[in-house]
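Quick note on labels: first sequence line is chain A, next is B, and so on, each numbered from 1.
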Amino acid sequence: MSMSDSGHFGIFGGRYVAETLMPILADIEQAYAEASQDPAFQQAFTQLLETYVGRPSPLFFAQRLTEAWGGAKIYLKREDLNHTGAHKINNTLGQALLAKRMGRRKLMAETGAGQHGVATATAAALFGMECRVYMGAEDIIRQAPNVKRMELLGAEICSVESGTRTLKDAMSEALRAWVAEVEDTFYVIGSAAGPHPYPSMVRDFQRMVGDESRRQYMAISGGKLPDAVLACVGGGSNAAGMFAAFEKDTDVELIGVEAAGYGVGTGKHAASIVGGQVGILHGSKSYVLQSAEGQIQNAHSVSAGLDYPGVGPEHAHWAQTGRVAYHAVTDEEALDAFFSLTRLEGIIPALESSHALAEAQKLAKEYGSEAAFVINLSGRGDKDMETVLQIMKEKHESD
Amino acid sequence: MSMSDSGHFGIFGGRYVAETLMPILADIEQAYAEASQDPAFQQAFTQLLETYVGRPSPLFFAQRLTEAWGGAKIYLKREDLNHTGAHKINNTLGQALLAKRMGRRKLMAETGAGQHGVATATAAALFGMECRVYMGAEDIIRQAPNVKRMELLGAEICSVESGTRTLKDAMSEALRAWVAEVEDTFYVIGSAAGPHPYPSMVRDFQRMVGDESRRQYMAISGGKLPDAVLACVGGGSNAAGMFAAFEKDTDVELIGVEAAGYGVGTGKHAASIVGGQVGILHGSKSYVLQSAEGQIQNAHSVSAGLDYPGVGPEHAHWAQTGRVAYHAVTDEEALDAFFSLTRLEGIIPALESSHALAEAQKLAKEYGSEAAFVINLSGRGDKDMETVLQIMKEKHESD
Amino acid sequence: MNRIDAKMQALREAGRKGFVAFLTAGDPNIDQSEADIRAALDHGVDILELGVPFSDPTADGPVIQAASLRALEGGMTLPKVLDLVRRLRKDYDQPIVLFGYVNLFFRYGYEQLARDAADAGVDGILVVDLPYEESGEMADPLRENGLHRIPLAAPTTSQARLRMILSDAGGFVYYIMVTGVTGARQFVRADLGERLTAVRSVTNLPIAVGFGVSSGEQATTVATSADAVVVGSALITAAREGRLTECVQEIRSGIDKAVL
Amino acid sequence: MNRIDAKMQALREAGRKGFVAFLTAGDPNIDQSEADIRAALDHGVDILELGVPFSDPTADGPVIQAASLRALEGGMTLPKVLDLVRRLRKDYDQPIVLFGYVNLFFRYGYEQLARDAADAGVDGILVVDLPYEESGEMADPLRENGLHRIPLAAPTTSQARLRMILSDAGGFVYYIMVTGVTGARQFVRADLGERLTAVRSVTNLPIAVGFGVSSGEQATTVATSADAVVVGSALITAAREGRLTECVQEIRSGIDKAVL
Ligand SMILES: Cc1ncc(COP(=O)(O)O)c(C=O)c1O
Ligand SMILES: Cc1ncc(COP(=O)(O)O)c(C=O)c1O
């Protein structure tokens, strides 16, 4: 597992937090460095991934989608099949194992789509730990099923009423809370964002997604690599896990897909790389949606898990070096892709993942039928059904 | 794949349907017999199970549950991790492949918990077929998330207003509808029930659950077999798939768990074997909840998927020969087990599967810590969250 | 001679077509049901098909489902259906066929049922969900008690299958005109004549055609090729709307028009 | 000499403890904010910590979060904060420390900020979320412009770490009394004296203690071991309730009691 010692990715990353948190971050860094060298830790993690999460998740050739899009062959990495329904559980189990190793009995987390909250609550239940989840009041409404799951799992849910009442504010509130409970609580960050060592650690805990995909695709293709690998980018954890494994395969195009909301031009979007500037938010330097002065701007995306004005620092670095191309797709394009996968393959994707699908649809023809895309289907869409049905209803009424 | 030629299991089974349906049942029997001998069919099925469903599903050692119950080691067969969240998808893919082979473009299904409806709608989407699902009006309310999923998947949902407005009536209505559309529609029955060849065919399409469990347990235990295998029994498909693989291992106790609702003594239950008599319902002879005269009685279970007054005929036979022991657990016991698994292991089980867990809890001490149970966790409980939260609320209010 | 055979022979000799009326026994209660049946038998019905109400009538459409439910709520049971037959027999000699679902008969016991039914004056039994393959156990007791097992044939039934299922049947063949459940329909299938010719090629039994006939006009069309016409849902609806006699008369005259 | 150093030296020489007042610049609007600040400076405040409002103040409790929001809605920006300092400098010579979050300063540019702030009359800068390790880029411009980088120390900060983070700091050490965000609290931690002794063992800088002080009594207790007491949320609440002067006076006399 690789990470820069200072926690920087080029000019990005770092550890921009209140002094109170600095010592605990150093402790976590240290404990993680040890754990990642400890075969017992790795074995416990791997065993949980296999018997509890259900890994490896399959790589599925989406034949009807491929036909419909008329170009590159579409392979889906089925993180939607993981226990709790998204890639998030990989990371929370890793962090919970680390928390246990560090002797912590309490977990806390921020959540947007609720997937990370559910995954943290799940890990807490599994390890017999307490769990508190910070979630924006708006997201509590639009991701109701996940709220119910957290309740049943015994987590305490703190409704965050400040700001846009979405993921950004949940994370701010979580940081505030952590400062107060830093002595006994492990903060399980849900994406490859936040202060060092989180971006590297979360990437590492998601890296099996890419490693498996690479192995699976090579097995299917007789040793070839895919032409492009696509993943949606909110904070960037599912994409980082995917890209890390293909980073050195320079022939493989890596494409991160951000949420363009109503369109990057409208200012109502969540595309921090495509439409933001360098800034510092929630502990690290990266691309941020902000005013000219540096006030953080509200993100907008139909997808709660992408509705965040920042992005993990390694993505900022990959964008700057050009190793990964970042595109953005609108709410509407993502919804179209949501329906395509649902109706053509019988898989209801998360709205987050639908962004990666939508970009693949745009590029499929251009790449042609000789090409192959591996797309990370980062989660299932059960949590989004109410949102989608509501939009369908509104569309129907305005027709 | 084994089945009796006449479609009987001892005195049970058979084909008690209107004349109109007899020819199509013979066609299905024939087509299935051919398909089950055709390597291409088997290969297509296996491939879908691996890359689409996510098989094999893991066998998970539930350590905290084992400790809490203080006896036999608890292993869970994780059918909850399957695509769409239950064992039902195994069977619907098998039947949809058969329908395709027979040139049908339309599927229909009955559903109780909605899992089978979702699984059928999913298979229909995957194969580009039309799909109509019959569901009791009562179940449409208590399994709302699954109704949304079916809608999104493009299935037409027919609300059944007759009788108790649950699974029994949905199946009656489906049989009525099938008679009218028998020329172009394949009826995908959701359990190991109904007229021959469905009970055998569905058991065969679920048999990998048992085969995998057997292989996985042996790998874990160094070649031993578990002491007991438990599964909940509604119509009996998940249990049949499990038991078929262990049937000849006479040292392995097989335990089917029916729903005792408010208690078998109260008459408000769904335990057809434990509390019913031999009768004929929905196409086969088996145990049925009925009045002395033979009028079918209403079942009751908190779990929509078990809320059915009949049971697959092979179970009736296993009960009669004594190969499988059938017990029944109450709504309350099942709910307790639901919470135990949720809170101790971070797995929210289906209420159906919670019945099997509850029976394991009862037996764990008696068997002692040297013993091992393999329990089929037939599905996840996302669909049941509203029901459970509602019950929690009512309990809370009445306290 | 079984009353069904006698009636069919008489109709044939008179050059007439038969009118088979289906009514659910006990709908909406036992007394009114008996009055309805008597009215039907008084106004030109040749054969009575008496539906034994069942909780889960999977071959029936909404009208007969509702009738079954009313009858059950009205307290009707299989023994009481037999009592009703016994009372009717005092005043009527039209053949009576019990029409029902297998579970009730199975629970009652096939032997006992055949004995009690024959004793009450029943002439045949039609079990909707007991196809030929499963009917073995019931066949002997029926035969021993002089009751006909009335076979059903459907548009989906092949010639080979027809040959099999009609091999030991008696009374008449109940030909299901539609692929679907019971209930009034507006049409008569165009190929009905052809279909019946196919049936006749394997049996000499008379053929009654049912499922869907609801008007005098349809009855005329059907009676043109069938030996008898079965009407059920339409009669039940008429009975509940207080115009059963008119409906019986309309069907009767519709049937009779076919042979003018 | 930097005004902070001068003030601290004067206090020490006078045997007094300092009163550091935190107010969010621009809360609830620019004019009222200026009036509030003047009132505070007029009634015994030794050092002004001027909060630069930020959209996402992750180290602040509800009171200062709300103040930031009001200030932003009132049109406050970093350049306007500097204008405010410039106006205050005409009438006051108390040291002024800008207190803010790194993103605003980063976007403004550290060089530019250091120049403009010094020019306006600012004496030090405290960046809540810019720990020692990340402060390198900002350190030179501040030094070159004669501004102090005010370091924060927390209860979680180890001795080794204290030594590092205080190595090139100036002005005073801001010691965070609680593990938690800003906001009024009812207690003073019992081991405060001990903690401060530990800090003093690695630095000669004076120590201001803040986070949670909200009453004259608490101020007395804190001032017993600290060189200065920082009060923020309590002042903001008082200002919004129209009793800022009273609150300033209460704190002032609380502090002064510590050395009687
Ligand atoms: C299914 C799914 N995909 C993607 C994301 C975005 O997060 P990340 O960019 O860290 O993968 C989320 C966040 O909640 C999610 O739930
Ligand atoms: C998760 C789950 N388990 C069990 C059942 C009961 O069916 P069966 O007995 O056929 O396995 C259902 C039915 O819906 C179900 O959804």
Side-chain angles (χ1 to χ4, degrees), chain A residues 5-8 11 13-27 110 160-164 168-185 194-196 277-286 288-298 309-310, chain D residues 52-62 64-66 68-69 72 76-81 100-109 126-137 151-158 160-162 164-165 173-176 178-183 185 211:
Chain A
D5 268 351
S6 64
H8 289 86
I11 65 161
R15 195 178 271 170
Y16 296 84
V17 295
E19 170 59 25
T20 314
L21 295 177
M22 290 302 284
I24 181 67
L25 290 172
D27 289 351
E110 86 294 339
V160 177
E161 302 284 347
S162 58
T164 39
K168 167 181 79 109
D169 309 290
M171 185 142 180
S172 293
E173 200 58 34
L175 282 167
R176 287 183 191 114
W178 197 27
V179 171
E181 299 169 23
V182 67
E183 320 268 359
D184 64 350
T185 301
H196 178 65
Q277 286 90 33
V278 177
I280 294 155
L281 175 65
H282 292 154
S284 63
K285 191 183 283 180
S286 184
V288 177
L289 299 185
Q290 53 189 320
S291 69
E293 202 200 356
Q295 304 292 356
I296 308 306
Q297 275 175 339
N298 295 338
Chain D
V52 183
F54 181 52
S55 54
D56 294 79
T58 52
D60 285 302
I64 299 182
Q65 282 178 53
S68 284
L69 199 66
L72 289 174
M76 190 42 110
T77 63
L78 178 50
K80 288 184 188 163
V81 173
Y101 289 84
V102 64
N103 196 49
L104 293 187
F105 301 147
F106 170 73
R107 296 296 303 173
Y108 196 95
L126 193 163
V127 193
V128 196
D129 55 348
L130 190 73
Y132 176 79
E133 286 85 342
E134 304 291 350
S135 65
E137 284 178 57
L152 284 156
T156 55
T157 313
S158 67
R161 187 168 169 80
L162 272 178
M164 174 177 81
I165 68 183
V173 180
Y174 188 133
Y175 187 80
I176 299 171
V178 295
T179 51
V181 293
T182 58
R185 285 175 182 76
F211 276 45

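- At a 4.5 Å heavy-atom cutoff, A:A26 makes no contact with chain D through either its backbone or its side chain.
- Across all non-hydrogen atoms, the minimal contact from A:V179 to D:G180 is CG1-N, 3.3 Å.
- Judged by distance alone, the side chain of A:E19 and the main-chain N or O of D:T157 form no donor-acceptor pair under 3.5 Å.
- Contacts between A:Q297 and chain D at a heavy-atom distance below 4.5 Å are absent for every atom of the residue.
- When side chains are defined from C-beta on, D:E134 does not count as touching A:M22, because their heavy atoms never get closer than 4.5 Å.
- Contact count versus chain A (heavy atoms, under 4.5 Å) is highest, among D:V102, D:D129, D:V178, for D:D129.
- Atom CG of D:L104 sits about 8.0 Å away from atom CD1 of A:I296, to the nearest 0.5 Å.
- Side-chain N or O atoms of D:R107 include one that pairs as donor or acceptor with a backbone N or O of A:V278 at under 3.5 Å.
- For a residue to count as touching a neighbouring chain, one of its non-hydrogen atoms must lie under 4.5 Å from one of that chain's; by this rule D:L72 touches chain A with the side chain only.
- Chain A forms the most heavy-atom pairs under 4.5 Å with one residue out of D:V128, D:V181, D:L152, D:D56, and that residue is D:D56.
- Across all non-hydrogen atoms, the minimal contact from A:G279 to D:F106 is CA-CE2, 3.9 Å.
- Checking side-chain atoms of A:Q295 against main-chain N and O of D:S55 turns up a donor-acceptor pair under 3.5 Å.
- Interface remark: D:A66 contributes no atoms to any contact with chain A (heavy atom separation under 4.5 Å).
- Of the residues considered (D:L69, D:T77, D:L78, D:L130), D:T77 shows the highest number of contacts with chain A, using heavy-atom pairs under 4.5 Å.
- For A:E181, no part lies under 4.5 angstrom from a heavy atom of chain D.
- Within the 4.5 angstrom heavy-atom criterion, atoms from both the backbone and the side chain of D:F54 approach chain A.
- A:T20 places no side-chain N or O within 3.5 Å of a backbone atom of D:T179 that could act as its donor or acceptor partner.
- Between the D:N103 side chain and the A:G294 main chain, a donor and an acceptor come within less than 3.5 Å of each other.
- The candidate with the highest count of non-hydrogen atom pairs below 4.5 Å against chain D, out of A:Q277, A:H282, A:M171, is A:Q277.
- Distance CG/D:D60 to OG/A:S172: 11.0 Å, rounded to 0.5 Å.
- When heavy atoms are compared at a cutoff of 4.5 Å, A:V288 does not approach chain D at all.
- Chain A forms the most heavy-atom pairs under 4.5 Å with one residue out of D:P57, D:P79, D:S135, and that residue is D:P57.
- Contact annotation for D:I176: only side-chain heavy atoms (C-beta onward) come within less than 4.5 Å of a heavy atom of chain A.
- Proximity to chain A is absent for every atom of D:P151, based on heavy atoms less than 4.5 angstrom apart.
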